[in-house]
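The next block holds one structure in the form of structure tokens; read it before the comments.
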Amino acid sequence: MPEKRDYYEVLGVAKGASESEIKKAYRKLAKEYHPDLNPDNKDAEAKFKEIGEAYEVLSDSEKKSRYDQYGHAGVDPNFGGGGGAYGGGFGFDDLGDIFESFFGGFGGSTRTRNPNGPIKGGDVHITVPLDFLEAVHGCKKTISISHMESCHDCGGTGAAAGTSAEVCPDCGGAGQVKVSQRTPIGVIQTAKTCPRCGGKGRIITSPCGTCGGKARVRTSKKVEVNVPAGIDDGQAFALRGEGDSGLNNGPPGDCIITVTVRPDTIFERNGFDIHCDIPLTYTQATLGDEIVVPTVDGKVSYSVPEGTQPGTTFRLRNKGVPYVNGRGRGDQYVRVVLEVPQNLTSKQKELLKEFEASTSDKNYAKRKSFFDKLKDAINR
């Protein structure tokens, strides 16, 4: 069995990376190695799975804490087989058994576990690209989900038709075997995962020809999903029960869909508000005008007041992004950008000179205020 890579190394982040840094690294790698973007590429598929596994652990504070303390053994009891993560032949489960032998386990009760009990299926992670307006208004998307499904030929038992799994003769179905170990404080008896059945307690002598005894097969299916209105770049939502099927009649996992939103050429999003610039001519800004403003819902009319200055921002209430919970929406902010005319004819230049000559300080309050302040500064 190949040795697992360090999860921080898989995501390319430092061990002390923050939650946002881990999430950002996962998004970038998930996009790069997503199966939809790398069809028939087994290496990319394996890499995508490895990335998802690393993120599942490092994005969960409890799992991350165990991983930081114990490595892979802290999050995967079967990791490393019988080798000791702590040296001297002791593994992660060994320490629990030692503490149990001295103190009776946590709460004084004997720890038991059913090796053939229900196991929940894993989550499947998918990235879906959206246009800007699709994210704003919500949309329907047909996605392809690749997941592990219970084998129909064997009914999820892993055994060929007409046969069944047999009780492991080494562990008697317990999934664990007792091992005596000599330590500086004496001989201690601990429990280890049964090497013969791999901790399952049962052995399949005639595996199913379809799933090879694994009880599940990888399949793909098309599913239409409703993307909620107002979702933002990098956010995710879950399709419950659409992940890997569980083992031993365990519940299925979920399909976690993360969206990436393409930028728009006109609108920019900030939270649930929309921002855009609109160019005005000198005449429109000076005399005022009725203009057409683009919004995410279509065009609306807006009356620009006389004497509007460059950089003025006006607000269109409830023209922003709908809240994901469906209760209200943000606003749209439109910033005025004054466009200075170019390529003027001689006549146009003369008219502008005549206009300029007809103005005075009362027409340019900001200009007059600036030079008055400058004069005071010089005369100090």
Side-chain angles (χ1 to χ4, degrees), residues 1-4 30 33-54 56 72 75-81 113-128 142-176 193-225 238-257:
M1 181 177 179
E3 184 178 350
K4 283 189 178 183
Y33 293 101
H34 195 280
D36 289 347
L37 302 178
N38 300 273
D40 301 322
N41 187 332
K42 296 298 182 183
D43 290 339
E45 182 179 345
K47 186 72 173 177
F48 184 76
K49 183 177 180 181
E50 184 183 38
I51 292 165
E53 180 182 323
E56 183 181 359
H72 291 293
V75 292
D76 183 359
N78 296 321
F79 179 78
R113 56 183 169 186
N114 182 2
N116 295 296
I119 300 174
K120 182 180 179 180
D123 292 338
V124 173
H125 295 266
I126 292 179
T127 301
V128 174
T142 300
I143 63 173
S144 177
I145 300 178
S146 175
H147 66 163
M148 299 301 292
E149 188 174 275
S150 182
C151 179
H152 295 293
D153 288 352
C154 66
T157 65
T163 68
S164 60
E166 301 175 357
V167 175
C168 175
D170 287 6
C171 65
Q176 292 183 328
T193 299
C194 177
R196 184 163 183 174
C197 66
K200 297 179 180 179
R202 294 180 179 272
I203 296 175
I204 298 174
T205 56
S206 299
C208 170
T210 301
C211 65
K214 296 181 179 179
R216 299 185 300 180
V217 292
R218 180 165 294 280
T219 61
S220 295
K221 65 177 180 178
K222 300 287 186 181
V223 176
E224 187 177 69
V225 299
L239 295 181
R240 301 301 180 191
E242 295 292 351
D244 292 337
S245 64
L247 293 171
N248 305 326
N249 295 317
D254 302 324
C255 177
I256 310 299
I257 300 175

Looking only at heavy atoms, the pair that brings Ser150 and Gly156 closest together is OG-CA, 3.5 Å
Is the side chain of Asp254 donor-acceptor paired with the backbone N or O of Asp123 at a distance under 3.5 Å, no angle test? no
Closest heavy-atom pair, Thr163 versus Ala160, reported as atoms and distance to 0.1 Å, is OG1-O, 2.6 Å
For Lys47, does the NZ atom sit with more than 12 other heavy atoms under 6.0 Å from it, leaving out its own atoms? yes
Identify which one of Glu53, Glu50, His72 satisfies the side chain to side chain donor-acceptor pair (under 3.5 Å) criterion when paired with Lys4. Glu53
Does His147 reach the side chain of Lys221, with side-chain heavy atoms less than 4.5 Å apart? yes
With the side chain counted from C-beta on, respond yes when Ser146 and Arg218 share a heavy-atom pair under 4.5 Å apart, and no when they do not. yes
Can you find a pair of side-chain heavy atoms, one from Ile126 and one from His34, that are under 4.5 Å apart? yes
For the pair Asp153 and Val217, evaluate side chain to side chain contact (heavy atoms under 4.5 Å, CB included) and give the outcome as yes or no after the intermediate values. CA-CA 10 Å; Asp153 288 352; Val217 292; over 6 Å; no
Atom of Cys171, atom of Cys197 and distance for their closest heavy-atom approach: SG-SG, 3.7 Å
Between Ser245 and Met148 (side chain of the first, backbone of the second, donor and acceptor by atom type, cut-off under 3.5 Å), is there such a pair? yes
Least distance between heavy atoms, Leu247 atom then Lys214 atom: CD2-O, 4.4 Å
Identify the heavy atoms of Val124 and Gly243 that sit nearest to each other, and give their distance. CG2-CA, 3.8 Å
Using 0.5 Å steps for rounding, measure from the SG atom of Cys208 to the NE2 atom of His152. 11.5 Å
Within a strict 4.5 Å, meaning less than it, do heavy atoms of the Val225 and Val128 side chains meet? no
Measure the shortest side-chain to side-chain distance between Ser164 and Arg202 over non-hydrogen atoms and say whether it is less than 4.5 angstrom. no
Separation of Ile204 CD1 from Glu166 CD (nearest 0.5 Å): 10.0 Å
If only atom types and distance count, is the side chain of Asn41 paired as donor or acceptor with the main-chain N or O of Asp43 below 3.5 Å? yes
Check: Asp170 and Pro195 side chains under 4.5 Å, non-hydrogen atoms: no
Can you measure from CD1 (Ile119) to CG (Asn249) and round to the nearest 0.5 angstrom? 11.0 Å
Pairwise distance CD1(Ile256) to OG1(Thr127) - rounded to 0.5 angstrom: 11.5 Å
What is the minimum heavy-atom distance between Tyr33 and Ile51, and which atoms define it? CD1-CD1, 3.6 Å
Check whether any side-chain heavy atom of Lys222 lies under 4.5 Å from a side-chain heavy atom of Ser144, and answer yes or no. yes
